[in-house]
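For the single chain, residues carry numbers from 1 onward in sequence order.
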Amino acid sequence: MATSTFERKIEINDPASLEKLAKIMNDKTPGNPIKQSADSRASRDRSEGLLKRCPLRSPR
């Protein structure tokens, strides 16, 4: 996969925009946390059963 990177100078000349940017950067409100709980045993068993039903497509 090709990626492209570049550097670009960003200038903010409007005082209201600068204040808004500073407010956003200093905001300590946590975002939506990622669910850290593990799957239940029943859910895992169901998933493994579904996986076993899928035909393998790799050559022998």
Side-chain angles (χ1 to χ4, degrees):
M1 176 170 50
T3 59
S4 138
T5 60
F6 59 92
E7 292 184 22
R8 180 176 159 191
K9 184 177 178 180
I10 298 174
E11 294 182 14
I12 300 176
N13 298 322
D14 181 32
S17 297
L18 186 58
E19 287 178 24
K20 186 174 181 179
L21 177 63
K23 181 180 176 186
I24 292 170
M25 292 178 70
N26 290 324
D27 187 12
K28 301 296 182 196
T29 305
N32 294 335
I34 298 173
K35 183 178 177 183
Q36 295 292 328
S37 63
D39 290 335
S40 67
R41 183 67 190 163
S43 175
R44 191 174 357 194
D45 290 342
R46 179 180 173 274
S47 298
E48 288 176 359
L50 290 171
L51 183 62
K52 287 177 184 175
R53 289 174 41 193
C54 294
L56 296 176
R57 303 234 182 244
S58 61
R60 293 181 183 196

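- Note on Ile12: it clusters hydrophobically with Met25, by side-chain heavy-atom contacts below 4.5 Å among ILVMFWY residues.
- Atom CG in Leu21 sits 9.0 Å away from atom CG in Asn26 (nearest 0.5 Å).
- The OG atom of Ser47 sits 12.0 Å away from the NZ atom of Lys52 when rounded to the nearest 0.5 Å.
- Using a cut-off of 4.0 Å between Lys/Arg side-chain N and Asp/Glu carboxylate O, Lys23 and Asp27 are scored as not salt-bridged.
- One finds the CG atom of Leu50 at 5.0 Å from the CZ atom of Arg46 (value rounded to the nearest 0.5 Å).
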